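Remember, predicted model here, so these are calculated numbers, not experimental data.
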Amino acid sequence: MVDDSLYILEKMRDLNLSVSTQAYNSILYNFRETDEMWDVYKAIESKNEHTYSTVVDGLCRQQKLEDAVSFLRDSEWKDTGPSVVSFNSIMSAYCKLGFVDTAKSFLCTVLKCGLVPSVHSHNILINGLCLAGSIGEALELAGDMSKHGVEPDTVTYNILAKGFHLLGMIKWVWEVIQQMLDKGLTPDVITYTILLCGHCQLGNIDKGLRLLKDMLSRGFELNSVIPCSVMLSGLCKTGRIEEAFSLFYRMKANGVRPDIVAYSIVIHGLCRLGELDLAIWLYDEMCSKRILPNSRTHGAMLLGLCRKGMLLEARALLNSLISTGCTLDIILYNIVIDGYAKSGCIEEALELFRGVIESGITPNVATFNSLIHGYCKTQNIAEARKVLDVIKLYKLVPSVVSYTTLMNAYANCGDTEKVDELRREMKANGISPTNFTYSVIIKGLCIGRKLEKYNQVLRDMASEGVTPDQITYNTVIQHLCRAKDLFRAFELFEEMKSRNLEPTPATYDILINGLCFYGYLKDAERFLCSLRERDVSLSKFAYTTVIKAHCVKGDPEMAVKLFLQVLDRGFDVSVRDYSAVINRLCRRELAKEAKFFFCLMLSRGVSPDLDICRVMIKSSDVLGWTIKAGLLP
DNA sequence: ATAGGGTTAG
């Protein structure tokens, strides 16, 4: 209520009451980010140290750094002398602009003025160094603190821990925190939050959950919406949306009010997994609590619509955001452009892209990468390739994603020469391939029947410090299965496990499909059973592959047994799954069994489509029976 | 002075 404070100030003057410097400073502080600061400043009769440091801070916040420095140098502080606080503001501002060296030089100025840099001064510089990636210098400065007569505090250690976290050196995060404990300092809620971030980044979600529980029991509940958000984000990123949802409600029950960030995280998580209805429900709840959606929230909703294939709706939402008049983030456009590209609507993607350019918004690499993807998806590799040059025209640099997307298109045609060409171009531009890239390269070798080069690629990976992951293995295992080399496929499967790579549901899909395809149905069955006994998570595909094989082999009893297990496991069974089974049974003239599945489908509330009805009618007397069941053919 | 959320490739 700063304007009301001005009114009171005026009244006090009218009544000839004297206004204390402290009162003026308080008003000055509230106007420090605006030009009105000077009006307040001029009105102050006796200024003190706080007055000056507030002005310096205000100028820094208004990005008027040079004014701040000259004010400090030339102005009226001569009666009091400059304070360390003013220098801290200036150092902080230089750090935020990325000029850490300039910030550091002010530390000498502080000393020259005969002042003692405080713990704050050091922390500001240490933070600046960490954000600039100079963790070594940051540690050095922290080590020198005692020489300067101050001691590192909890904040110092938190900053260093965050610095290591930013570099992905999570082990050192623990190390820093251990040192902090050794010094007898008490970790605060921020320390815990950084630890929690580390757990989440390493994928140790369960450890994170335990830590969060521990935190809440230590009584951090008053300001713990941030740690809860970190946890929500970790859960959402690993697809554990139900747990995220329950944490969200436990937060509320414990009096931790979710804010815009917490809401956006969960809405995004739901949208990413295609739970659009729940996302909309949460969005409405958020709005009803007067929390206004921002660009991130809108991005999540756009993503949700695109993932559901509701491109018209996504576009309508984007248009309505545009019509509100504020310039939109390129990311919001990227989401819709990518939605078009993924659905093979390259024309629409291009049209929106032109709209972006016309409204003067700068595209980024992701924008172009989506266009590359769109061209590849519509089998237009030549145009996709040209986008690489367009990226350069926009003074942007093609990323590893640009190259990998293109390489993938060539790999799918088995064109290993073009893949190699891009690989060389990429290297020449100083871009390192990732695991992603290598899996594409290996896929190219598989499809192009050049597997003799596989070992060379593995050596390249090793020399670049890229370790094969599950998908690298899946790619080769799939190729071996296709080439009927099931023995080597299973050898690689064992190798994968011996390297502590947990096979994915897709790994099992590939192996089971391979076994079934080449007639090893008994082995597939046994394999599936052993996996189920060990409670390995399997996809619906693993089951339906074996079920389909049973239908083909004429063993409907086993098919029924397994199919009921699929329903039992709560998989989302569609009309396509039923028709896959029914088609095969009909082809073997097992009309009775086909009818059983047809009835099962109806009883589960799944509507038959035209194709499945045709098949049923052709193979049996189902027409009369359908009409009797009250269904219209 | 220190902690949280968005887009792209297998």
Side-chain angles (χ1 to χ4, degrees), chain A residues 88-89 91-92 95-96 118-128 130-131 153-163 165 188-198 200 223-234 236-237 259-269 271-272 294-303 306 329-339 341-342 363-374 376 399-409 411-412 433-444 469-472 474-475 478 506:
Chain A
N88 286 350
S89 293
M91 289 194 289
S92 172
C95 284
K96 283 201 180 100
S118 65
V119 182
H120 273 63
S121 323
H122 286 86
N123 286 346
I124 289 165
L125 286 175
I126 292 168
N127 186 46
C130 282
L131 293 182
D153 62 2
T154 299
V155 177
T156 318
Y157 284 101
N158 286 346
I159 291 168
L160 291 170
K162 167 80 188 292
H165 177 86
D188 61 10
V189 66
I190 296 178
T191 320
Y192 277 96
T193 308
I194 296 167
L195 271 171
L196 190 57
C197 286
C200 289
N223 48 2
S224 47
V225 64
I226 295 180
C228 285
S229 299
V230 172
M231 197 66 245
L232 286 173
S233 162
C236 287
K237 279 184 183 142
D259 59 5
I260 179 76
V261 177
Y263 268 106
S264 299
I265 291 169
V266 182
I267 290 174
H268 178 254
C271 285
R272 209 173 63 102
N294 62 16
S295 154
R296 306 277 178 109
T297 333
H298 290 135
M301 296 307 293
L302 286 171
L303 184 74
C306 288
D329 229 313
I330 183 62
I331 292 178
L332 295 182
Y333 287 97
N334 284 353
I335 294 167
V336 182
I337 290 176
D338 190 66
K342 281 216 174 77
N364 63 17
V365 198
T367 322
F368 292 107
N369 289 347
S370 292
L371 294 179
I372 293 179
H373 184 80
C376 291
S399 69
V400 63
V401 180
S402 329
Y403 286 106
T404 308
T405 311
L406 263 175
M407 285 162 102
N408 184 49
N412 282 332
T434 65
N435 237 324
F436 236 100
T437 320
Y438 276 114
S439 71
V440 168
I441 293 171
I442 291 168
K443 184 169 74 173
D469 67 1
Q470 285 98 327
I471 294 175
T472 321
N474 288 354
T475 308
Q478 181 168 45

Note to self: Which residues pass the salt bridge (charged side-chain N to carboxylate O under 4.0 Å, His left out) test with A:K342, not counting sequence neighbours?
What the structure shows: A:D338
Margin query: Regarding B:dG6, can its base be found pairing with the side chain of A:N334 as donor and acceptor, where the two atoms are less than 3.5 Å apart?
Written below: no
Next item on the list: Using only side-chain N and O atoms of A:N408, determine if any of them is under 4.0 Å from OP1 or OP2 of B:dA9.
Entry: no
Margin query: Has A:T193 got a side-chain atom pairing as donor or acceptor with A:V189's backbone, closer than 3.5 angstrom?
Written below: yes
Note to self: Taking donor-acceptor contacts at under 3.5 Å, does the side chain of A:N412 reach the base of B:dG10?
What the structure shows: no
Notebook entry, point to check: Distance-only, no hydrogens or angles: does the A:N435 side chain make a donor-acceptor pair with backbone N or O of A:Y438 under 3.5 Å?
Noted result: no
Checklist line | Presence of donor-acceptor pair under 3.5 Å, side chain of A:T193 and base of B:dA3 | finding: yes
Next item on the list: Establish, with yes or no, whether the OP1 or OP2 oxygen of B:dT7 is under 4.0 angstrom from a side-chain nitrogen or oxygen of A:H268.
Entry: yes
Next item on the list: In whole angstrom, give the distance that lies between atom CG of A:N369 and atom C1' of B:dT8.
Entry: 5 Å
Notebook entry, point to check: Closer than 4.0 Å, any side-chain N/O of A:K342 to the OP1 or OP2 of B:dA9?
Noted result: yes
Checklist line | Distance-only donor-acceptor test (3.5 Å): side chain A:N474, base B:dG10 | finding: no
Check: For the base of B:dG10, is there a side-chain donor-acceptor partner from A:T475 under 3.5 Å away?
Finding: no
Checklist line | Distance in angstrom units between A:I335 CD1 and B:dG5 P, rounded | finding: 16 Å
Check: For B:dA3, does either OP1 or OP2 sit under 4.0 Å from a side-chain N or O belonging to A:K162?
Finding: yes
